[in-house]
Amino acid sequence: MELRPAETRDIDIWHQMRCALHDSSGPQELRDELPGIIAGEDYRGWMLEGADGRIIGFAETGIRNYAEGCRSDHVLYLEAIWVEPGYRQGGVVSFILQEIEKWGRAGGFREMASDCLLDNVVSEKWHTSCSFEEVERAIHFRKDL
């Protein structure tokens with residue numbers, strides 16, 4: 001397996017995987033964001049290639065100057081992570097995280113943060129199993145004006 005930065009050639013498969021992860025977001029919006037992510041510096045897409053060279057997962061990371069519970073103002077943030085269902089066992093998702101952590105340490109980051117929805121028990125358990133520490137729970141509100 002290899003985790004590498006996303007490239008323009010990845011847009012179609014990346015878009016499909018993003019739609020599988022973000023089922024409540026608009027599919028066109030999820031696609032429209034990808035060229036900017038590839039070209040950007042503070043937000044990065046990562047593609048996981050299996051042994052046969054096929055893309056089997058992705059991650060997205062951002063650089064934030066604030067993240068709940070963090071002490072520094074330069075935080076690597078795990079924005080998204082997804083692996084095809086048939087590859088989710090055997091440490092594949094943890095491999096992605098470990099590779100991102102190596103990249104982050106080499107880039108001078110001292111902290112990594114992430115989040116999940118309150119009802120996403122699978123994600124919560126995964127974060128805990130990967131040594132993320134829960135620092136806060138929140139409920140966000142909105143209303144039309």
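Treat the numbers as computed from the prediction; the structure is a model and nothing was measured.
- A distance of 5.5 Å separates CG in Leu30 from NE2 in His15, rounded to the nearest 0.5 Å.
- Residues Leu76 and Tyr43 are members of separate hydrophobic clusters, defined by side-chain heavy-atom contacts under 4.5 angstrom among Ile, Leu, Val, Met, Phe, Trp and Tyr.
- Side chain of Asn120 to main chain of Leu117: no donor-acceptor pair is present (N/O by atom type, distance under 3.5 Å, no hydrogens or angles).
- Following chains of ILVMFWY side-chain contacts shorter than 4.5 Å, one can reach Met112 starting from Trp126, so the two form part of one hydrophobic cluster.
- When all heavy atoms are compared, the tightest approach of Ser114 to Phe132 is CB-CE2, 3.9 Å.
- Residue Ile38 holds its CD1 atom at 10.5 Å from CZ of Arg9, rounded to the nearest 0.5 Å.
- Residues Glu41 and Ile63 share a closest heavy-atom pair of O-CD1, 3.9 Å.
- The minimum heavy-atom distance between Leu3 and Phe95, with the atom names listed, is N-CE2, 4.2 Å.
- Among all heavy-atom pairs drawn from Val135 and Glu68, the shortest one is CG2-O, 3.3 Å.
- Considering only heavy atoms from C-beta on, Leu118 comes within 4.5 Å of Arg137 through its side chain.
- Side-chain atoms of Glu60 and Trp14 form a donor-acceptor pair, as typed in the model, at a separation below 3.5 Å.
- In this structure, Tyr77 is not a member of the same hydrophobic cluster as Phe109, with clusters built from ILVMFWY side-chain heavy atoms closer than 4.5 Å.
- Note: Trp103 and Trp46 have perpendicular aromatic rings, judged against thresholds of 30 and 60 degrees for the angle between ring planes.
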Worksheet entry | Worked check of salt bridge (charged side-chain N to carboxylate O under 4.0 Å, His left out) between Glu2 and Arg4 | CA-CA 6 Å; Glu2 177 189 2; Arg4 61 167 177 78; 5.7 Å; no

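- Residues Met17 and Met1 are members of separate hydrophobic clusters, defined by side-chain heavy-atom contacts under 4.5 angstrom among Ile, Leu, Val, Met, Phe, Trp and Tyr.
- Cluster annotation: Ile81 is not connected to Ile13 through the hydrophobic network of ILVMFWY side chains, with a link wherever side-chain heavy atoms come within less than 4.5 Å.
- Here CD1 of Ile96 is found 11.5 Å from OG1 of Thr61. Values are rounded to the nearest 0.5 Å.
- Proximity of Val93 to Trp82: side-chain heavy atoms (C-beta onward) are nowhere separated by under 4.5 Å.
- In this structure, the side chains of Leu48 and Ile55 stay at 4.5 Å or more apart for every pair of heavy atoms.
- In this structure, the side chains of Glu111 and Arg71 come closer than 4.5 Å at one or more pairs of heavy atoms.
- Rounding to the nearest 0.5 Å gives a distance of 10.5 Å between CZ of Arg44 and CD1 of Ile100.
- The distance from atom CD of Glu124 to atom CG of Asp119, rounded to the nearest 0.5 Å, is 10.0 Å.
- Defined by atom type and a distance below 3.5 Å, a donor-acceptor pair is present between the side-chain atoms of Asp32 and Gln28.
- Of the possible polar contacts, none joining the Ser94 side chain to the Gly91 backbone as a donor-acceptor pair under 3.5 Å is found.
- The closest side-chain heavy-atom distance from Leu34 to Arg18 is below 4.5 Å.
- Here the side chains of Tyr66 and Cys70 are not in contact, with every heavy-atom distance at 4.5 Å or above.
- His127 approaches Cys116 most closely through the heavy-atom pair CE1-CB, 4.4 Å.
- In this structure, the side chains of Ile11 and Arg31 come closer than 4.5 Å at one or more pairs of heavy atoms.
- Ala80 and His22 get closest at one heavy-atom pair: CB-NE2, 4.3 Å.
- Within the model, atoms CG of Asp115 and CD of Glu136 stand 11.0 Å from one another, a figure rounded to the nearest 0.5 Å.
- The neighbour count for Glu133 CD, taken as heavy atoms of other residues, nucleotides or ligands under 6.0 Å away, does not exceed 12.
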Discussion item. Before you tell me yes or no, could you show the steps for Arg64 and Glu79 under salt bridge (charged side-chain N to carboxylate O under 4.0 Å, His left out), namely the whole-Å CA-CA distance, both residues' side-chain angles and the distance that decides it to 0.1 Å?
Written reply: CA-CA 11 Å; Arg64 296 189 180 188; Glu79 304 284 355; 2.8 Å; yes

